[in-house]
Amino acid sequence: MDFMQLESDLIVELGQKTHTKDIFFTSNNNHADLSTNALFILSKHMKKSPKDIFEQIKTKINNKYIKDITMSKNGFLNFHLHDNFLHDGLKNIIDDKNTFEKNNIKVNVEFVSANPTGPLHYGNARSVYGDSLANILRFAGYNTTKEYYVNDAGNQINILADSVFSEYLKLQNLPSLELEEQYKGSYISDIAQEIYKNDSEKWDKNNYKEHFKSFSMKYIIEIIKEDLLSVGIKHDEWVFESDIICKVSEAFEILRNKDLIYEGKLGTIHSKKGEESHQTLTLFRSSKFEDSEDRALTKPDGSNTYFANDIGYFYDKIKRDFKWMIVVLGADHDGYIKRLQNAVLNLADDIKLDIKTCQVVLFKQNGENIKISKRSGNALGLREAVEGIGKDMFRFLMLSKSLDTHYTVNTDQIVELSMENPFYYLQYAHARIHSMFNAHNKELDFNFSLDSLTESMCSLLKILLDFRKCIKSITRTLEVHKMTHYLTSIAEKFHSIWNEGKMDPEKRWILQQNEKYTNDRMVLAHSVKKTITQAMNLLGIKPYDSL
RNA sequence: GCGCUCUUAGCUCAGCUGGAUAGAGCAAUAGCCUUCUAAGCUACAGGUCAUAGGUUCGAAUCCUAUAGAGCGUGCCA
């Protein structure tokens, strides 16, 4: 038993099935143990006053956990709970019953998916969001896969190969290539040296391309994997663009049958160099679905655009039986969302696609914003960004803000920041509980009663009983930061109780003279620790036993 | 020009599907350690929720307009 369960039971008892999605409950407010707006909603649909509905419903509700139902002056329905609700709730936490049933819905969470052309930089800071979201969905019962999509078929990889080859030539004191665009980070020469060490002077301009492409890419993917590990991320699947290209035509077939693909011309298109082209291309009828224009699937040279390959990729996901696809992109891909959605949702029925964009996290150094530029090679690396603050706090920082926040981290203050961070507030709560169990290292008797609990301890327990509601809310909104705020509310209550104990010895967790009370309170402490640990694990943050 | 995101306390941010008196942390002020960790707690203070309209029993939340900030606006990925 917890609030999620109680609320869904109550909705059934309210006898309303049609408008349940507008009805919501709040617990732990000043007015009651549990409140709902149900009367407003029902009154709207039944064309009766809230008062009449209240009279009608009042007698119908016969729930063993509800002690009392009242209606507030302004029309809220307020419930007061029996103590057995808290008792059964606590028992459920101890017995590991506050979890979710497994369902068979396959969810694909794709995140990071940076081009394998260099180490991850701070622009990928928010990738921890996808990781934690996937953890939470898995906990909520979904069959969840964390996926990384590798764009290994695009032009960027050619530029990468050329950049490395150019360095390779330099190593031999040969004239390097004249490149319009190139990657310049130190890893480029590392790769060139590696190749030179392996193959000596085997490669020249006639045969280097394929080998340099695949070697460099593999090398960089290993770097990326380590970068990801530095923030605690490990993907389940790595899918390569080159492997799914074969799916593109199959996907196109479906769209063609719906008359969504045609051969035609777009308006005047300006290429990067300002040249204009009026060629006939293969186009996707995106404007049919609230996009500003139709979108090209082929380039003038006949090859596929990345959009075309992405359609193939999502078709591949559908073929792998994913019913819910979540994609986390940077805000710079914003203009891309509509066409992708329009295309993918037309590939199959009964699929759900959520494309989340995260606003860039800016890093400030010496008072100036650091620019992201992978090619110049001077962007702050993700690993360097993490090193200063540590994986756990880094994740907490990134996860505690909404994705839509334009969040700025000042690297000059990172060290100072560590002392004024809510992260420690949370860890401190966990550490305190840990120390309590050092002081009281007796076996707990789980045959407890709530008689010993103070009022504050009961409110803490109520927060614990909101855990599944929090999870459920995240599966609906995909807003992971709710979890950090939930954790903070537990920590807050816990610290507050702790200090009540300083003022009044009767309100401490451990009572020297009363073993029974101590045991019962420690049972609660045990479940607090359990919930914190569980929630932090979902966020990928390690709870500290001491600070 | 157009599209997306944002604007809430001095600063950084919450505010759940429109709900009751808009909340935390940091900073500021005043208290609390013979005690399981004072990296904590309590009290006080701080707000025309960018601005102006609209929708309704009810708006920080939804709609429209305006102002400001960020990002995007290749047949690059």
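Below, chains carry the letters A, B, ... as their sequence lines are ordered, and counting in each starts from 1.
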Using atom [atom1] of [X] as one end and atom [atom2] of [N] as the other, report the distance to the nearest whole Å.
| X | N | atom1 | atom2 | result |
| --- | --- | --- | --- | --- |
| A/L426 | B/A24 | CG | P | 17 Å |
| A/L329 | B/C71 | CG | C1' | 14 Å |
| A/R339 | B/G72 | CZ | C1' | 11 Å |
| A/R476 | B/C16 | CZ | P | 10 Å |
| A/E492 | B/U42 | CD | C1' | 13 Å |

In the structure shown, which nucleotide is the Watson-Crick or G-U wobble counterpart of [N], with both distances under 3.5 Å?
| N | value |
| --- | --- |
| B/A69 | B/U5 |
| B/U48 | none |
| B/C26 | B/G10 |

Of A/W498 and A/T405, the one whose closest RNA chain B nucleotide lies more 5':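 Upstream on the strand: A/T405.
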Closest-nucleotide ordering on RNA chain B, the 5'-leading residue of A/N499 and A/P505: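 Looking at RNA chain B, the more 5' nearest nucleotide goes with A/P505.
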For B/C33, glycosidic torsion class - syn if within 90° of 0, otherwise anti: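 Glycosidic conformation of B/C33: syn.
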Mutual orientation of the aromatic rings belonging to A/W238 and A/H235 [parallel < 30°, tilted 30-60°, perpendicular > 60°]: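 Taking A/H235 first and then A/W238, their aromatic rings stand perpendicular (interplane angle over 60°).
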Side-chain N,O (A/R432) to OP1/OP2 (B/A38) below 4.0 Å: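 A/R432 to B/A38 OP1/OP2: side-chain N or O found under 4.0 Å.
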Short side-chain N/O contact from A/K502 to OP1 or OP2 of B/C36, under 4.0 Å: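 A/K502 to B/C36 OP1/OP2: no side-chain N or O under 4.0 Å.
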Touch class at under 4.0 angstrom, heavy-atom based, for A/H440 against every strand present: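 It contacts nothing in the nucleic acid.
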Touch class at under 4.0 angstrom, heavy-atom based, for A/S496 against every strand present: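 Answer is sugar-phosphate: A/S496 comes under 4.0 Å of backbone atoms only.
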